[in-house]
Amino acid sequence: MKEKIEPVELPVATADGKFIACYSENGLAKLEFPNPKRRSRGDESQTQNSVGDSSHRLLQDKIRGWHRLTEVALKKFLTGSASQKLPPLDWTGKTEFQKSVWRALLKIAPGKTKSYGEIARAIGRPKAVRAVGGACGANPIPVLVPCHRVLAANNKLGGFSGGLERKRSLLKREGIKI
DNA sequence: GACAGATGAAGGA
DNA sequence: TCCTTCATCTGTC
């Protein structure tokens, strides 16, 4: 049986605070917004996650590479510009519907927005607008998977897992006015 | 199986 | 123009 690799959490320091990126053996699995209440966990030392044999070392190298991509991409997103390269995203265990919604989100260009209805039509389920909202809320990798670029009808903000203020701020940096 | 949800559209005041 | 109501679809418990 294949050994299970524990997820690796790494901090990403940005002007907005310290995001927490969580990597699995398949790629970036989760990105958490800065949370002042969350206790610091020793920063970069988290990379030394019980590195034992050479395959683990290879994985650590791989994750370090992904982390660099994540840092660059996140900082670019936070300044409102597009990132050409993203680390592989690990959506293991998520439903096909959610993955298709998130794939549609990745296609939204910086500075552009789409409505929940447009996303629903883009994935071929024009009536699943509420479910699209649910999938956006379940997005484990906000900012990089730009669920903040999805607005409700009439150019209203809708909601955002990281808080509406953060959504408004991200959109403002991309030059989008609500 | 029931319920909730980050919606959208239509109708009425 | 704003507010309310209802239809619709999916995920979660």
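Proteins come first, then strands; the chains are lettered A, B, ... in the order of their sequence lines, and each starts at number 1.
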Can you say whether the rings of F19(A) and F33(A) are parallel (under 30°), tilted (30 to 60°) or perpendicular (over 60°)? tilted
Result for 5'-nearest mapping on DNA chain C, choosing between V129(A) and T95(A), is V129(A)
Looking only at side-chain atoms of A152(A), point me to the closest of dT10(C), dA6(B), dG8(B). dG8(B)
K112(A) atom NZ, neighbour heavy-atom count above 12 within 6.0 Å: no
Go through the steps to decide whether V12(A) and E71(A) satisfy the test side-chain contact (heavy atoms from CB on, under 4.5 Å), and finish with yes or no. CA-CA 6 Å; V12(A) 185; E71(A) 282 184 320; 3.6 Å; yes
Nearest-Å distance, CD1 (I119(A)) to C1' (dT10(C))? 16 Å
Kindly point out which of dT12(C), dT10(C), dA6(B) is positioned nearest to the side chain of F160(A)? dA6(B)
Answer yes when R168(A) and E165(A) have at least one side-chain N-carboxylate O distance shorter than 4.0 Å, and no when they do not. yes
Nucleotide dC9(C), atom P - distance to CD of E96(A) in whole Å: 20 Å
Nearest whole angstrom, please: distance from the P of dC2(C) to the NZ of K156(A). 10 Å
At 4.0 Å (heavy atoms only), tell me whether S161(A) reaches a base, stays on the sugar-phosphate, or touches nothing. base
Take atom CZ of R121(A) and atom P of dC9(C), then tell me their distance rounded to the nearest Å. 14 Å
Which is true for A128(A) with a 4.0 Å heavy-atom rule: it touches a base, it touches only sugar-phosphate, or it touches nothing? sugar-phosphate
I want to verify a distance call: between dT8(C), dA6(B), dG5(B), whose nearest atom is closest to the K127(A) side chain? dT8(C)
Could you check whether G137(A) gets within reach of a base, just the sugar-phosphate, or nothing at all, counting any heavy atom under 4.0 Å? base
Atom OH of Y116(A) and atom P of dT8(C): how far apart are they, to the nearest Å? 22 Å
Separation of L157(A) atom CG from dA6(B) atom P, in whole Å? 14 Å
Would D90(A) and T92(A) count as having a side-chain donor-acceptor pair, cut-off 3.5 Å? yes
Please give, in whole Å, the distance from dT8(C) C1' to F97(A) CZ? 12 Å
For dA6(B), give its Watson-Crick or G-U wobble partner with both distances under 3.5 Å, or none. none
Below 4.0 Å: OP1/OP2 of dA6(B) and any side-chain N or O of R130(A): no
